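Please read the structure below before turning to the comments.
Note that the structure is predicted; figures quoted are calculated from it, not measured. Counting convention: from 1, in listed order, for ligands and their atoms alike. By convention here, the first residue in the shown sequence is residue 1.
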Amino acid sequence: MPEAITYEQLKVEADRVHEAFGQDFKRFKRFVIDRQAQDSFAILLEQVRSEGYSLAEAQADLRELANLETKYMAKKSEWSKAKKKIGQITDNEKRGWAGQHLLFLDLSMRDDLVYAKLTLDQIVEALRTESESLDVTIPGRRRRSGHLHPITLMRQRIEDIFVSLGYAVEDDREIETDFYNFDALNIPEGHPARDPQDTFYTTDGFALRSQTSTVQIHAMQRRGAPVRMIAPGRVFRRDTPDPTHNPMFYQVEGLCVDRGITMAHLKGTLAEFVHRLFGPDTKTRFRPSYFPFTEPSAEVDYSCFNCGGVGCRICKWCGWIELGGSGMVHPNVLRAANVDPEQFTGFAFGLGIDRTCARIYELDDIRLLFENDVRFLEQFR
Ligand code: DAH
């Protein structure tokens with residue numbers, strides 16, 4: 001037989017639960033709106049929006065509300081237990097009062113829960129629609145895509161040609177010792193050829209390389225002979241910038257060392273190179289010259305890709321454009337890299353990448369290539 005309880009005791013207990021519910025529910029009260037009144041939902045929505053109430057917050061509140069419902073309405077909740085005690089009131093009349101009172105509280109709590117949930121559901125729906133909607137009338141934003149620098153494009157074209165001729169591409173250091181930049185290239189201290197290649201010195205004994213010819217030595221030391229390689233890269237010189245000079249510029253070095261290599265191989269290789277770069281009608285011209293690291297040495301010209309040799313603005317009306325220096329590798333250079341000049345001979349060449357680039361694109365000033373002005377660079381997509 002369950003314990004007896006009086007109406008007064010049960011009322012106190014029920015009121016206490018109801019009061020606790022009121023506390024817990026306080027923050028949801030604003031969602032219990034007068035659904036008869038026009039615009040009541042619209043007004044509330046406007047208000048939460050202006051507060052910056054987010055979709056995530058609304059969803060979290062919905063979950064919190066579900067927790068509240070469990071807390072008060074679940075079978076084992078304090079409230080359900082209180083309701084069961086109505087039957088324990090022995091006085092018939094007072095049992096009726098208790099029934100009425102608790103039913104009233106029960107309905108009011110359930111109403112709150114139901115209406116708040118209804119409103120919150122709608123708010124979630126509205127905020128979600130908003131976040132997912134897109135205005136198809138807004139003009140599109142074009143995605144800006146990058147592209148390679150004109151010097152890189154030029155370098156890659158050159159690399160492709162030599163790789164297809166069986167050359168390896170060497171990448172090497174930009175900071176060098178005097179040995180690699182000068183001595184090993186047959187330019188001893190005090191040699192006048194050091195003068196035009198004055199460069200930038202870093203710590204004692206080190207300098208920024210003034211020519212990619214340094215890689216000839218590194219490559220032969222690393223690979224021995226025979227060797228066939230090109231070495232594109234940056235070089236540095238103490239030059240005052242002007243339309244045709246920059247203290248930093250790009251060269252590509254070429255080296256081919258094997259048994260029985262002759263000047264004919266050099267001429268054939270460079271002729272093939274300009275054919276592939278500028279077209280099969282391009283002619284080459286070799287002029288005797290002097291470089292300490294080659295003997296004999298030659299400057300190489302090619303017939304103007306624009307006028308074919310007749311003379312135009314691009315070739316400065318002479319029909320020929322300078323490609324670079326070349327020659328047969330000096331025995332001293334082979335020796336410096338531990339290659340036996342009695343067994344091996346070779347040719348070498350050095351071309352200016354940015355110079356060639358400036359010609360092809362008809363740039364009046366090579367410094368444009370280094371200023372990184374996107375308005376300029378964007379033209380080379
Ligand atoms: N290193 C030379 C320079 O910077 C260019 C050069 C000339 C490289 C002749 C060579 C060569 O390999 O054979 O002016």
Side-chain angles (χ1 to χ4, degrees), residues 155 158 162 165 167-170 172-174 176 178-188 191-200 207-220 225 227-239 244-258 261-271 273-274 284-302 321-334 336-337 339 341 344-356 366:
R155 177 176 57 85
I158 295 172
F162 280 105
L165 295 176
Y167 283 68
V169 178
E170 288 275 348
D172 223 295
R173 66 212 78 181
E174 291 175 351
E176 274 296 359
D178 264 4
F179 175 76
Y180 288 99
N181 202 50
F182 294 125
D183 298 273
L185 290 166
N186 203 29
I187 316 176
H191 194 289
R194 287 199 180 200
D195 269 7
Q197 298 216 2
D198 197 11
T199 176
F200 301 94
L208 299 180
R209 68 178 176 193
S210 62
Q211 47 187 347
T212 46
S213 304
T214 54
V215 189
Q216 289 188 27
I217 310 298
H218 288 296
M220 284 192 281
V227 63
R228 246 189 281 178
M229 68 92 198
I230 57 161
R234 286 194 289 194
V235 300
F236 307 83
R237 289 194 196 167
R238 256 200 57 187
D239 277 338
T244 56
H245 293 89
N246 200 58
M248 186 277 287
F249 58 102
Y250 285 80
Q251 289 186 329
V252 56
E253 192 76 13
L255 175 71
C256 170
V257 174
D258 206 337
I261 294 293
T262 70
M263 193 98 182
H265 296 111
L266 167 63
K267 294 182 81 169
T269 302
L270 290 183
F273 170 66
V274 295
T284 48
R285 174 172 88 170
F286 287 72
R287 286 180 285 119
S289 183
Y290 170 75
F291 298 103
F293 33 86
T294 44
E295 180 58 38
S297 306
E299 304 255 9
V300 190
D301 301 332
Y302 59 95
I321 297 173
E322 200 180 298
L323 183 65
S326 69
M328 299 306 292
V329 181
H330 196 289
N332 286 350
V333 175
L334 295 174
V339 172
F344 292 98
T345 52
F347 65 78
F349 55 87
L351 324 171
I353 300 182
D354 24 31
R355 258 203 295 164
T356 309
I366 64 157

Once you measure the plane-to-plane angle for Tyr167 and Phe162, does it fall in the parallel (<30°), tilted (30-60°) or perpendicular (>60°) bin? perpendicular
Sidechain N-carboxylate O distance under 4.0 Å for Arg194, Asp183: yes
If you apply the rule side chain to side chain contact (heavy atoms under 4.5 Å, CB included), what do you find for Gln216 with Gln211, and how did you get there? CA-CA 10 Å; Gln216 289 188 27; Gln211 47 187 347; over 6 Å; no
Residues in salt bridge (Lys or Arg N to Asp or Glu O under 4.0 Å) contact with Asp258, at least two apart in sequence or another chain: none
Please name all residues satisfying salt bridge (Lys or Arg N to Asp or Glu O under 4.0 Å) with Asp172, sequence neighbours left out, ordered by chain then number. Arg222
Results of salt bridge (Lys or Arg N to Asp or Glu O under 4.0 Å) for Glu174 - residues two or more places apart only: Arg234
Distance under 4.0 Å, heavy atoms only, partner ligand 1: which residues pass? Gln197, Gln211, Ser213, Gln216, Arg237, Gln251, Glu253, Phe291, Phe293, Thr294, Gly325, Ser326, Gly327, Ala348, Phe349, Gly350
